[in-house]
Every structure is written in structure tokens, then in C-alpha cells.
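Structure first, then comments.
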Amino acid sequence: MAEPSPLPHELLVRVEAFAPNPGDLAALPEIPAGSIPGWDGAGVVLEPAADGAGPQVGDRVLFLGLGARGWAQRRAVPHAATAAAPPDAESEHLSTLPVPATSALRALRKLGSILGRRILIVGATSAVGRIAVQLAARSGAHVVAVARDESRHAHLRRLGAHETHADLSSVTSRVHGAIDMIGGQHLVDAYALLESGATVIALGHSAGADERFPYGAFIADPKTSVRSITTFFLGSEPGLADEMAYLAADRQLQVGDIDTRPWTELATWIEHGTHHPSGRVVFRVDHGLPFPNTHKQGTGRERSALLKE
Ligand SMILES: NC(=O)c1ccc[n+]([C@@H]2O[C@H](COP(=O)([O-])OP(=O)(O)OC[C@H]3O[C@@H](n4cnc5c(N)ncnc54)[C@H](OP(=O)(O)O)[C@@H]3O)[C@@H](O)[C@H]2O)c1
């Protein structure tokens, strides 16, 4: 592929690792042949943005680029979608954060203050769900986690869940807010659990099933007045860089197991099924040449050599 040509608001990043997420994989059939897929990843800045904003040369960064182009050795990415990470953070870890962790944080922020309130996380063993459980617990919520695999409930409790359920039928008390990664009947049941004034964010639809609300689901009474279902598309959300920087600097956040593979195995992995029950598969990008792995020490000549390579 041709070298990327950064626009004035874009950085040139040496991509070191990327972790495909369900959105990436769902988009693959739509991507024109000959273009580069992949939203997010992590690496090191080779060239800063011409307008001077954002991370600088040698900064370790994570990025959430729209319009794909991320599964590559080098990528031009807007500084508004890039965040500097601690210099000693590993790109493999950082590459798992952009979409899942930023989605979890943004979803919780949309629920407003959750201190002391019951918050329902449906699909808590998903990448987004695991992060949402941790962030909600540290924000002072009473976290109600729903995940079909009961063998992972103990893990969810260690992450901060106060209650764990295999399905929504055993959740008996109403909740102030909910984030649903699964959709279908899960979304219908999560809506039914909302208290007055509460919202469920239909973030994901992993079940791939229709939502059929029974008659009466939207008849309000004093206990269930003004409830709402909403959704958002992370890629259309403004101002994500600060949230990515916060998440990247967080040493406590557990993203799950990281299964690192060379990027030459990407196609085989996609062909043979992409499920990873307890973490993320991360692809490490091979550059052939070693790059100084130290913060802000790449010289102009070294960067030029890499660009020629
Ligand atoms: N709106 C946005 O901007 C946005 C942003 C990020 C993610 N998302 C969406 O959010 C969802 C979660 O993303 P992710 O990266 O966290 O996914 P993930 O890590 O791949 O996890 C998928 C989860 O779905 C569960 N699941 C799949 N089918 C199910 C079913 N029929 N019943 C119950 N559980 C089921 C899996 O459970 P098991 O582990 O038991 O198999 C797993 O926990 C995806 O749909 C993704 O596209 C949307």
C-alpha cells in the first residue's frame, strides 16, 4: 500500500499493535478490496501533526481512527482521535483500549451520576462489559452484572460487581441505569427493570436478535415514568482523546487476557473464528527493523530510515 499522507491535523504513527473488535469485523464485508481495514491500535508517533496539536514525536499513543486504515505499519490519524500514553505502557495493552474502554466510559458518563445507584451491565463478560463493571464500581455504583457464563461470575465479582446473574430473570430490584451489549430479549428485559427516570443504553447487539416489546412495556405508572432507551455510535462521539488518555494511564484497569499473535496470522484467525472468551486477540505489527523503544529518543535519521523501509 502507498505511504499514508497525513493531513495538517493528522499524526503519522508507527503502528505496533492492534486488537480487532466486533465493529471492525462486522465492517469487513463492506470494505472495498484494496483498502486497509481496522479502526484502532497503538504505536509511536513518527511525525507530529503539521498544525502542532496532539502528541509529539516519540510519544507512545493509542488511537481510535474512523474510516479504518489501522491494520497497517504506518497510519495517518487525526490528533483528536489520538492520546499519549505513559511511555512505559505496552502497545499490546494499549491497543485493546480504544473502542472497548472508551465505549464503556462514554456510556457510563451518559448515565449521569451513578454514585450509590444500581447500575445494570448486560453482557458483563464482553470487553466493553468488563471495563464498564470496573469503572462503575469505582464510581460508587452498586453494580449488577449479567453474563450467561456462570463460570466467570467470580471474576466479575473480583472486578467489582456486587451482584452477578446468568440472565435477567433473576434480577428482581429495579435499576437506575443500564448498559446492554447483547440486545434482543436482553434489551427488552433490561428496559423492564428500569426505575422511573432511568435509561438503558443499547450499546451492542451481540445476540443478533430482534427486540420484541410486549404490550404494556411502554405504559407508564408512577414507578416507571419517563424511562428511555438510547444508543450511540462511538465513532460519532466528539472529544474522545482525553478519555483515552485517562484510560491509558490507569494501571488498575483489567482488560482481560491478551493473546498476542504476529499480524501475519490475522487472515487465518478471521477465517477460523474470532471468539476470545476472556480477553482480546492482539496482533503485533512486524516492521522488520528495530525501532528505539525509548520515549522521545527516536532521531530524525532513524525516523527517515523507518519511512524508507
Ligand atoms: N455503539 C458503539 O459505538 C459500540 C462500541 C463498542 C462496542 N459495541 C458493540 O458492543 C458489543 C460488545 O462489544 P465487545 O467488543 O465488548 O464484544 P466481545 O468482547 O466480543 O463480547 C461479546 C459478548 O457477547 C456475549 N454474547 C454473544 N452472543 C450472546 C447471546 N446470544 N446471549 C448472551 N450473550 C451473548 C458473549 O458472551 P460469551 O463470552 O459468554 O460468549 C460476550 O460476552 C458488540 O455488539 C459491539 O459491536 C458498540
Side-chain angles (χ1 to χ4, degrees), residues 18-30 37-41 64-67 70 81 95-111 120-136 145-156 159 161 164-171 178-190 199-211 229-240 243-244 247 253-259 269-270 273-282:
F18 57 80
N21 60 65
D24 279 321
L25 299 169
L28 281 180
E30 313 294 327
W39 274 29
D40 49 3
L64 200 169
L66 289 180
S95 73
T96 65
L97 296 176
V99 168
T102 314
S103 298
L105 178 53
R106 200 38 82 103
L108 286 168
R109 287 190 165 168
K110 286 178 187 291
L111 292 179
L120 179 66
I121 311 290
V122 184
T125 52
S126 66
V128 179
R130 286 191 301 269
I131 305 279
V133 165
Q134 293 169 73
L135 296 178
V146 176
R148 63 182 174 182
D149 183 352
E150 289 186 59
S151 71
R152 293 161 66 199
H153 284 187
H155 177 65
L156 290 172
L159 293 182
T164 46
H165 300 265
D167 62 62
L168 284 137
S169 61
S170 59
V171 182
I179 304 172
D180 175 32
M181 266 61 71
I182 309 301
Q185 190 60 39
H186 296 80
L187 179 59
V188 176
D189 293 344
T199 296
V200 55
I201 297 177
L203 188 76
H205 302 274
S206 290
D210 291 347
E211 284 93 25
I229 302 173
T230 187
T231 187
F232 69 92
F233 174 58
L234 186 72
S236 301
E237 291 283 305
L240 296 173
E243 278 153 70
M244 282 200 290
L247 294 159
L253 207 60
Q254 293 185 38
V255 296
D257 301 334
I258 293 182
D259 175 357
W269 176 71
I270 290 172
T274 54
H275 189 55
H276 189 295
S278 58
R280 270 293 196 256
V281 174
V282 171

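One-based numbering, in listed order, for ligands and for the atoms of each. Below, each value reflects all heavy atoms present in this structure, side chains not excepted, and no hydrogens, waters or symmetry copies.
Checking side-chain atoms of D189 against main-chain N and O of H186 turns up no donor-acceptor pair under 3.5 Å.
Residues satisfying the side chain to side chain contact (heavy atoms under 4.5 Å, CB included) test with A161, not counting sequence neighbours, are V133, V143, A145, L156, T164. Listed by chain and number, the residues in a side chain to side chain contact (heavy atoms under 4.5 Å, CB included) with S126 are V128, M181 (sequence neighbours excluded). Applying the side chain to side chain contact (heavy atoms under 4.5 Å, CB included) criterion to A166, with sequence neighbours excluded, gives E150, H153.
Protein residues are said to neighbour a ligand when one of their heavy atoms lies under 4.0 Å from it; for ligand 1 these are P22, V99, S103, T125, S126, A127, V128, R148, R152, M181, I182, H186, L203, G204, H205, S206, A207, F232, F233, L234, H275, R280.
Among I179, I229, L120, the single residue meeting the side chain to side chain contact (heavy atoms under 4.5 Å, CB included) criterion with V200 is I229.
Under a 4.0 Å N-O distance rule, the pair E237/R109 does not qualify as a salt bridge.
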